[in-house]
Novice: 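The structure under discussion is supplied below as structure tokens; questions concerning it will follow.
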Amino acid sequence: MDSPADDLLDLVADPARPTGHTLLAEGVAQSYVDVADPRHLHFEYIRRMAALVDLSAPPGVPRDVLHLGGGALTLPRYVAATRPGSAQRVVERDAAVVDLVLRRLPALPPEVRVEVADARDAVAASPSRGYDLVLADIYRGARMPGHVAGREFVAEVARTLRADGIYLVNVTDLPPLVFTRVQAATLGAIFADVCLVADRRMLRGRRYGNVVLAAAHRPGRLPVGRLATRVAADPVPGGVLHGAALAAFVGGARPAGDEGLTG
């Protein structure tokens with residue numbers, strides 16, 4: 001989550017899991033983290049992003065990770081627990097979120113560094129080929145800001161990734177998934193390998209929710225088969241689109257311009 005500062009932020013304990021906490025903004029759940037068991041992932045889209053992290057390299061191998069949007073720091077804690085020693089940089093635009101989460105929750109491992117900055121500025125200042133993974137969960141209100149949704153920004157992210165690096169993006173959308181189609185087209189204009197994973201009901205146009213997009217420089221880099229097996233077994237079964245199926249889904253959608261608009 002990456003949003004303007006809000007006085008109505010809170011961290012609420014989960015009555016069913018005493019070490020679980022939900023980050024609320026104006027009463028709406030934004031993130032969930034279990035500080036005693038970082039492997040417990042409450043939201044389905046976070047489980048899908050975590051599945052891609054898990055499948056990106058052999059188990060336990062440390063990764064250099066850039067998180068764009070921090071929220072309750074769910075994925076940084078997950079990566080620290082599953083891949084100890086991973087160097088992680090977290091960029092969160094909302095200083096109030098950072099202050100609340102760092103003040104109220106246990107300290108992060110020393111390999112995790114959190115900074116207050118705009119995602120686009122942070123990516124522009126990042127070294128080329130510096131990261132194995134870039135994970136984006138960037139929102140203002142319920143929408144991804146245009147300045148991080150277009151081709152120029154995606155090209156900058158691509159520059160920061162190593163040859164086998166993977167870019168993961170969380171998108172919220174509603175039927176007929178126009179924004180998702182544009183984002184898939186945008187990633188496809190920059191990266192050689194792209195896939196999409198979402199609740200099967202979303203792919204049938206039956207509900208609003210989250211879609212996770214993944215992109216890589218090298219064709220065949222994404223672990224599509226293993227990902228499909230894993231998300232199909234999730235409590236909220238997911239489907240994966242890749243190759244011809246993704247191309248059919250994208251249809252005539254055009255890549256987004258620099259402010260996230262088609263062009």
Novice: Counting C-beta onward and ignoring hydrogens, is there a side-chain heavy-atom pair between F153 and L68 closer than 4.5 Å?
Specialist: yes
Novice: Look up atom CG in L227 and atom CG in L222, then write down how far apart they are to the nearest 0.5 Å.
Specialist: 8.5 Å
Novice: Side chains of V123 and V91: closer than 4.5 Å at any heavy-atom pair?
Specialist: no
Novice: Nearest 0.5 Å, what's the OG1-CD distance between T74 and Q30?
Specialist: 11.5 Å
Novice: Mind checking whether H67 and V134 have side chains closer than 4.5 Å, heavy atoms only?
Specialist: no
Novice: To the closest 0.5 Å, what do you measure between CG (L9) and CG (D94)?
Specialist: 6.0 Å
Novice: Test of understanding: clusters of I, L, V, M, F, W, Y form through side-chain heavy atoms closer than 4.5 Å, transitively. Do V12 and F43 belong to the same one?
Specialist: no
Novice: Which distance, rounded to the nearest 0.5 Å, do you find between the CG of L24 and the OG1 of T22?
Specialist: 6.0 Å
Novice: Does one hydrophobic cluster hold both L108 and V90, with members joined at side-chain heavy-atom distances below 4.5 Å?
Specialist: yes
Novice: Quick one: sort the H40 and H42 rings into parallel, tilted or perpendicular, breaks at 30° and 60°.
Specialist: tilted
Novice: Can you check whether A57's main-chain N or O pairs, donor with acceptor, with R83's side chain at less than 3.5 Å?
Specialist: yes
Novice: For A184 and V250, work out which heavy atoms get closest and say how close.
Specialist: CB-CG2, 3.7 Å
Novice: Does atom CZ (R218) have a neighbourhood of more than 12 heavy atoms from anything else shown, all under 6.0 Å?
Specialist: yes
Novice: Taking A87's backbone N and O only, do any of them form a donor-acceptor pair with E111's side chain (distance below 3.5 Å, no angle check)?
Specialist: no
Novice: Quick one: does any side-chain atom of R77 pair with a main-chain N or O of D37 as donor and acceptor, under 3.5 Å?
Specialist: no
Novice: When you measure from the side chain of E115 to the backbone N and O of A117, does any donor-acceptor pair fall under 3.5 Å?
Specialist: no
Novice: Donor-acceptor pair, distance only, cut-off 3.5 Å: does the side chain of S86 make one with the backbone of R63?
Specialist: yes
Novice: Is V114 reachable from V35 through a run of I, L, V, M, F, W or Y residues, each pair having side-chain heavy atoms under 4.5 Å apart?
Specialist: yes
Novice: Indicate yes or no: at least one non-hydrogen side-chain atom of D164 is less than 4.5 angstrom from one of D132.
Specialist: no
Novice: State, to 0.1 Å, how close I166 and S56 come at their nearest heavy-atom pair, and which atoms those are.
Specialist: CD1-CB, 4.0 Å
Novice: Does the pair L41 and Y78 meet the rule for a side chain to side chain contact (heavy atoms under 4.5 Å, CB included), with working shown?
Specialist: CA-CA 9 Å; L41 303 174; Y78 179 85; 3.9 Å; yes
Novice: Please determine whether the number of non-hydrogen atoms from other residues, nucleotides or ligands lying under 6.0 Å from atom CZ of R113 exceeds 12.
Specialist: no
Novice: Quick check: does any side chain N or O of R162 sit under 3.5 Å from a backbone N or O of R129, one acting as donor and the other as acceptor?
Specialist: yes
Novice: Looking only at non-hydrogen atoms, find the nearest pair between V169 and M144 and report the distance.
Specialist: CG1-CE, 3.5 Å
Novice: Using the salt bridge (Lys or Arg N to Asp or Glu O under 4.0 Å) rule, take E156 and R159 through it: C-alpha gap first, then chi angles, then the decisive distance, then the call.
Specialist: CA-CA 5 Å; E156 277 292 283; R159 177 187 60 80; 3.1 Å; yes
Novice: Do you reckon L23 sits in the same ILVMFWY cluster as V116, going by side-chain contacts under 4.5 Å, direct or chained?
Specialist: yes
Novice: Which heavy-atom pair separates V236 from D234 by the least distance, and what is that distance?
Specialist: N-OD2, 2.9 Å
Novice: To the nearest 0.5 Å, how far apart are CG in L196 and CZ in R48?
Specialist: 10.0 Å
Novice: Quick one: do L133 and Y167 satisfy side chain to side chain contact (heavy atoms under 4.5 Å, CB included)? Show the steps, please.
Specialist: CA-CA 6 Å; L133 297 166; Y167 180 37; over 6 Å; no
Novice: Of the non-hydrogen atoms in V240 and A228, which two are nearest, and what is the gap between them?
Specialist: CG2-CA, 3.7 Å
Novice: Would a 4.5 Å heavy-atom cut-off, applied to side chains only, mark P145 and I138 as touching?
Specialist: yes
Novice: Without swapping roles, check the side chain of R254 against the backbone of T186 for a donor-acceptor pair under 3.5 Å.
Specialist: no
Novice: Go through the steps for R89 and S126 under the test side-chain hydrogen bond (donor to acceptor under 3.5 Å, both in side chains), then give the verdict.
Specialist: CA-CA 11 Å; R89 177 187 178 202; S126 295; 2.7 Å; yes
Novice: How close do G239 and V231 get, heavy atom to heavy atom, and via which atoms?
Specialist: N-CG2, 4.4 Å
Novice: Taking the side chain as every heavy atom from C-beta outward, state whether V194 and L246 have any pair of such atoms under 4.5 Å apart.
Specialist: yes
Novice: Would you sort out whether D10 and R104 count as a salt bridge (Lys or Arg N to Asp or Glu O under 4.0 Å), showing the intermediate values?
Specialist: CA-CA 10 Å; D10 199 6; R104 294 268 300 274; 3.7 Å; yes
Novice: Any side-chain heavy-atom pair from L168 and L213 closer than 4.5 angstrom?
Specialist: no
Novice: Does the pair E152 and R120 meet the rule for a side chain to side chain contact (heavy atoms under 4.5 Å, CB included), with working shown?
Specialist: CA-CA 10 Å; E152 288 188 19; R120 182 160 181 151; 3.4 Å; yes
Novice: Determine whether V97 and V28 fall in the same hydrophobic cluster, where Ile, Leu, Val, Met, Phe, Trp and Tyr are linked whenever their side-chain heavy atoms lie under 4.5 Å apart.
Specialist: no
Novice: May I ask you to say whether D121 pairs ionically with R93, meaning some side-chain N is under 4.0 Å from a carboxylate O?
Specialist: no
Novice: Got a donor-acceptor contact below 3.5 angstrom from the D173 side chain to the T180 backbone?
Specialist: yes
Novice: Verify side-chain hydrogen bond (donor to acceptor under 3.5 Å, both in side chains) between H21 and D34, making sure each step is shown before the conclusion.
Specialist: CA-CA 6 Å; H21 301 268; D34 188 325; over 6 Å; no
Novice: Below 4.5 Å, heavy atoms only, C-beta onward: do L73 and L102 meet side chain to side chain?
Specialist: yes
Novice: Using only atom types and a distance under 3.5 Å, with no angle test, would you say the side chain of D193 pairs donor to acceptor with the backbone of G220?
Specialist: yes
Novice: What verdict does the side-chain hydrogen bond (donor to acceptor under 3.5 Å, both in side chains) test give for Y45 and D199, after you've listed the backbone C-alpha separation in whole Å, the side-chain angles of each residue and the deciding distance to 0.1 Å?
Specialist: CA-CA 9 Å; Y45 84 90; D199 183 332; over 6 Å; no
Novice: To the nearest 0.5 Å, what is the distance between OG1 on T172 and CG on N210?
Specialist: 6.0 Å
Novice: State yes or no: are the ring centers of H217 and F191 separated by less than 6.0 Å?
Specialist: yes
Novice: Evaluate the criterion side chain to side chain contact (heavy atoms under 4.5 Å, CB included) for residue pair V154 and L187; output intermediate values, then yes/no.
Specialist: CA-CA 7 Å; V154 173; L187 293 182; 3.7 Å; yes
Novice: Okay, side chain of Q88, backbone of L66: is any donor-acceptor separation there less than 3.5 Å?
Specialist: no
